[in-house]
Amino acid sequence: MNQYKRLGLVTVLFNAPDVLDDFFTSLSCQSYEQYQVYIVDNSTVPEPLTKARELAEHYQISVTFIDNKGDNVGVAAGNNQGVNAALNDGCDLILFINNDLIFDDKNVLSSLVNSMDSDMLDMCSPVILNYPAKKYGTLAGISTLLKL
């Protein structure tokens, strides 16, 4: 694995400050450290962005904030804003993630970078398992029963 590839983590925030504690805790525990988080705020209230800024500082996680100032441009447009910022910052790889994720393994980012490298991918999004059962996965808005 190339530990020197810069990974851009793009997430779109919308009125959900309660999920951010687990999100930042999960990121702070990752063994892969060559990443930059891009939080695109589509929220119509100020609390989510304020909390994200506080948590980024608390966990000393490098975050670029894109504030749409109360204008919900949608997930696709928000992701595009994050990708553009990541590419402008020189990120080699882009990972689309939800901010209500909990990474239960410290090597999630390392594994994804490894997979992206070996499969020659520039962008990806992980399958998201429901919690706590981990039987249903969501990818690109499609839910399915997984055989684990």
Walk me through whether Asn72 and Phe14 qualify under side-chain contact (heavy atoms from CB on, under 4.5 Å). CA-CA 8 Å; Asn72 181 2; Phe14 182 74; 3.5 Å; yes

For side-chain contact (heavy atoms from CB on, under 4.5 Å), just list the numbers for Asp117 and Leu93, CA-CA rounded to whole Å, side-chain angles, deciding distance to a tenth of an Å, and then say yes or no. CA-CA 9 Å; Asp117 219 19; Leu93 304 170; 5.6 Å; no

Take Ile97 and Phe23 through the side-chain contact (heavy atoms from CB on, under 4.5 Å) test and state the conclusion after the steps. CA-CA 10 Å; Ile97 55 175; Phe23 177 71; 3.6 Å; yes

Evaluate Phe96 against Val12 for side-chain contact (heavy atoms from CB on, under 4.5 Å), listing each step before the verdict. CA-CA 9 Å; Phe96 299 100; Val12 179; over 6 Å; no

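Leu20 is listed as a side-chain neighbour of Leu13, based on a closest heavy-atom distance under 4.5 Å. Side-chain contact between Tyr35 and Leu27 is present, with heavy atoms from C-beta onward closer than 4.5 Å.
Of the inter-residue distances, the one linking Ser28 atom OG with Glu33 atom CD reads 11.0 Å to the nearest 0.5 angstrom. Here the CG atom belonging to Leu7 is positioned 7.0 Å from the SG atom belonging to Cys91, to the nearest 0.5 angstrom. Atom CG of Leu87 and atom CE of Met123 lie 6.0 Å apart (nearest 0.5 Å). The CG atom of Asn99 lies 12.0 Å from the CG atom of Leu9; values are rounded to the nearest 0.5 Å. With values rounded to the nearest 0.5 angstrom, Leu112 atom CG is found 7.5 Å from Phe103 atom CZ. Atoms CZ and CG, from Phe65 and Leu49 in turn, are 6.5 Å apart once rounded to the nearest 0.5 Å.
Evaluated for a side-chain contact (heavy atoms from CB on, under 4.5 Å) with Phe24, the options Leu55, Val19, Val37 yield exactly one hit, Leu55. When Leu101, Asn79, Ile39 are each tested for a side-chain contact (heavy atoms from CB on, under 4.5 Å) with Thr11, only one passes: Ile39.
Of all non-hydrogen atoms in Gly8 and Tyr38, the two that sit nearest each other are CA-CE1, 3.9 Å. Of all heavy-atom pairs between Ile94 and Met116, the closest is O-CE, 3.4 Å. Gly82 approaches Val40 most closely through the heavy-atom pair N-CG2, 3.8 Å. When every heavy atom of Lys106 is checked against every heavy atom of Gln30, the shortest pair comes out as O-OE1, 3.2 Å. For the residue pair Asp67 and Lys69, the shortest heavy atom distance occurs at OD1-N, 2.7 Å.
Distance alone, capped at 3.5 Å, is enough to place a donor-acceptor pair between the Asp105 side chain and the Asn107 backbone. With Ser26 contributing its side chain and Ile102 its backbone, the two residues share no donor-acceptor pair below 3.5 Å. Not one N or O on the side chain of Asn15 forms a donor-acceptor pair closer than 3.5 Å with the backbone of Ser43.
Hydrophobic clustering places Tyr32 together with Val63 (ILVMFWY residues linked when any side-chain heavy atoms are closer than 4.5 Å, directly or through intermediates).
For Val73, the side-chain contact (heavy atoms from CB on, under 4.5 Å) partners at least two apart in sequence or on another chain are Asn42, Asn68, Asp71, Ala77, Gln81.
A salt bridge links Lys51 with Asp21: the distance from a Lys NZ or Arg NE/NH1/NH2 to an Asp or Glu carboxylate oxygen falls below 4.0 Å.
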